[in-house]
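Notes follow once the structure below has been shown.
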Protein chains: 2
Amino acid sequence: MEALLSNIQIQVNEKIFQKDPTSSDLGQKILRESLSMIDELGLENFTFKKLALRLNTTESSIYRYFENKHKLLIYHVSWYWSWLSYRLVFATANMQDPSAKLEKAIHLLVHPCQGYEDLKTYDIKTLQRIIIHESSKAYLTKEVDEDNKEGFFSAYKDFCSRLVAFIKESQPAYKFPSSLVATTIEGIHLQKYFKEHLPSLSDAKKGDQDIELMFSKFILNTINH
Amino acid sequence: MEALLSNIQIQVNEKIFQKDPTSSDLGQKILRESLSMIDELGLENFTFKKLALRLNTTESSIYRYFENKHKLLIYHVSWYWSWLSYRLVFATANMQDPSAKLEKAIHLLVHPCQGYEDLKTYDIKTLQRIIIHESSKAYLTKEVDEDNKEGFFSAYKDFCSRLVAFIKESQPAYKFPSSLVATTIEGIHLQKYFKEHLPSLSDAKKGDQDIELMFSKFILNTINH
DNA sequence: TGTTTATGAAAGTATTACTATCAATATTGT
DNA sequence: ACAATATTGATAGTAATACTTTCATAAACA
């Protein structure tokens with residue numbers, strides 16, 4: 001399984017990049033180091049200039065892979081959701097009970113890296129921090145509609161639609177499955193963030209068990225009542 | 001009531017600004033026009049230079065009121081939450097049933113401008129669009145912790161704590177009131193956004209009734225089961 | 001061997017995000 | 001009425017950001 005997973009290739013929409021960053025050494029370095037720099041500096045303070053400096057390369061070389069840092073962010077975000085979908089399909093393959101599948105999905109959202117801490121290109125722990133801190137900036141822009149048309153959010157929407165399918169399987173009568181899924185996913189991320197930075201807006205204690213428990217109950221209660 | 005409301009002064013934490021923008025004509029113009037420009041351009045494309053041009057003033061004059069556009073955003077966000085708290089206190093003053101108070105709160109979150117479309121400085125409809133599109137950028141930064149220490153998010157936290165109080169009144173046993181409130185508030189905003197821009201992540205139809213209904217049921221179900 | 005392809009090096013532009021200085025004009029205090 | 005003070009405008013300047021362009025060089029590939 002480990003071996004299998006270290007060989008899988010997550011596919012990312014080709015319109016996101018100018019040149020496929022997985023196709024070269026430099027491209028992979030750009031992915032790896034941009035991830036860790038965005039994590040350290042935050043998206044606002046991260047620049048291609050700084051990344052070039054760190055990689056001992058030039059701005060122009062980086063621009064050959066990504067048009068700008070927005071696209072680079074979208075790349076990371078897309079990769080994350082493709083990866084989580086993959087994990088979800090794997091983890092729920094042998095499950096019958098849709099409630100159990102939902103619980104598994106919540107578990108994955110809360111602990112996306114359990115068992116897969118070290119992939120070649122991606123440090124999943126860092127990637128999840130970036131998803132939590134920065135991913136909403138990928139769609140909260142004036143260019144959402146264009147970006148959406150280009151399919152930049154399809155990995156995210158695809159993951160959501162899998163959870164929606166579980167809900168429909170479990171409770172076909174529930175009227176707001178898509179809204180509930182989106183609220184749950186973003187709610188989990190927000191709670192992880194608030195727990196650290198605005199603790200009065202969270203009841204979660206040190207670990208992540210509270211968050212997992214809360215959202216599991218929350219989603220199952222909502223569809224079953 | 002109209003007259004009363006047009007005289008109320010919403011107080012904003014003094015550390016947010018360099019010079020109180022309500023204290024002068026230019027300051028009020030800065031508030032009014034920055035709001036409409038952020039709405040039109042989005043926070044990323046909005047600059048003090050462009051605002052200065054629109055106001056027939058200079059960048060330096062604007063910098064006398066706000067250190068940077070992040071602080072200006074925080075000002076608008078704080079004002080919004082103070083205003084909503086004020087509305088909430090008013091609207092729930094004569095209510096006994098905490099569930100009804102929660103429903104009222106949801107209603108206000110979904111329709112914050114009903115009855116108060118035109119205030120002098122603030123166009124509440126525009127303000128709410130900015131809250132939906134931009135407010136998470138106020139706290140999703142590397143400077144959250146410092147900003148939080150300065151009290152920049154206290155208006156938001158204060159509003160949340162009012163809803164938490166309602167939940168505790170209604171269901172003292174519910175374990176995650178703060179998390180539920182934060183999830184609900186941000187969920188409402190996100191659904192309003194997704195309804196427009198990523199409709200596959202929402203079940204809401206044209207109006208906002210669906211969103212109101214969904215979150216009302218959602219919060220009451222969650223605490224009562 | 002010749003030719004794509006990938007990277008590096010250097011330079012340049014427009015915009016952003018400020019800061020500083022000084023003059024002109026209002027406002028206020030006595 | 002006059003001096004002191006606050007407010008704004010005008011101008012200029014700096015460092016960083018977000019790119020684009022051109023040209024040289026080295027590696028890969030056919």
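To find a chain, count down the sequence lines: A is the first, B the second, and so on, and within it residues start at 1.
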| said: Any side-chain N or O of B:Thr57 below 4.0 angstrom from OP1/OP2 of D:dT8? | reply: no
| query | Contact class for B:Glu67 vs. all strands (heavy atom < 4.0 Å): base, sugar-phosphate, or nothing? | reply | sugar-phosphate
| task | Figure out the NZ/C1' separation between B:Lys49 and D:dA16, and round it to whole Å. | result | 16 Å
| Under-4.0 Å side-chain N/O to phosphate OP1/OP2 contact, B:Lys50 with C:dT16 | yes
| query | Can you check whether A:Lys69 has a side-chain N or O nearer than 4.0 Å to OP1 or OP2 of D:dA18? | reply | yes
| So is B:Lys19 actually on top of B:Tyr65's ring, under 6.0 Å and inside 45° of the axis? | yes
| task | Would you tell me whether A:Thr58 and A:Ser61 have side-chain atoms, one donor and one acceptor, within less than 3.5 Å of each other? | result | yes
| Roughly, in whole Å, what's the span from CG in A:Asn68 to P in C:dT15? | 17 Å
| said: Under 4.0 Å from OP1 or OP2 of D:dT8: is there any side-chain N or O of B:Lys19 that close? | reply: yes
| request: Compare side-chain N and O positions of B:Ser60 against OP1 and OP2 of D:dA10 and report whether any pair is under 4.0 Å apart. | output: no
| query | What's the CG-C1' distance between A:Leu51 and C:dT7, to the nearest Å? | reply | 15 Å
| field | N or O in side chain of B:Thr47 less than 4.0 angstrom from C:dT15 OP1/OP2 | value | no
| said: In whole Å, I'd like the distance from the CG atom of A:Asp20 to the P atom of C:dA6. | reply: 11 Å
| A:Phe46 CZ - D:dA18 C1' separation (whole Å) | 12 Å
| request: Could you verify whether a donor N or O on one side chain and an acceptor N or O on the other, from A:Asp145 and B:His197, lie under 3.5 Å apart? | output: yes
| said: Without decimals, in angstroms, what is the distance between A:Arg64 CZ and D:dC19 P? | reply: 16 Å
| request: Say whether B:Ser36 and B:Arg54, considering side chains only, have a donor N or O and an acceptor N or O under 3.5 Å apart. | output: yes
| said: So, OP1 or OP2 of C:dG8: does either fall under 4.0 Å of a side-chain N or O from A:Ser61? | reply: yes
| query | Nearest nucleotide by nearest heavy atom, which residue falls closer to the 5' end of DNA chain C, B:Glu44 or A:Ser23? | reply | A:Ser23
| message | How many whole angstroms separate atom CD1 of B:Ile62 from atom P of D:dT7? | response | 17 Å
| message | Taking the minimum atom-to-atom distance to the side chain of B:Tyr63, which one of D:dA18, C:dA17, C:dT7 wins? | response | C:dA17
| task | Taking atom types as modelled, find out whether A:Thr126 and A:Asp123 have a side-chain donor-acceptor pair closer than 3.5 angstrom. | result | yes
| N or O in side chain of A:Tyr65 less than 4.0 angstrom from C:dT7 OP1/OP2 | yes
| task | Using atom CG of A:Leu53 as one end and atom P of C:dG8 as the other, report the distance to the nearest whole Å. | result | 13 Å
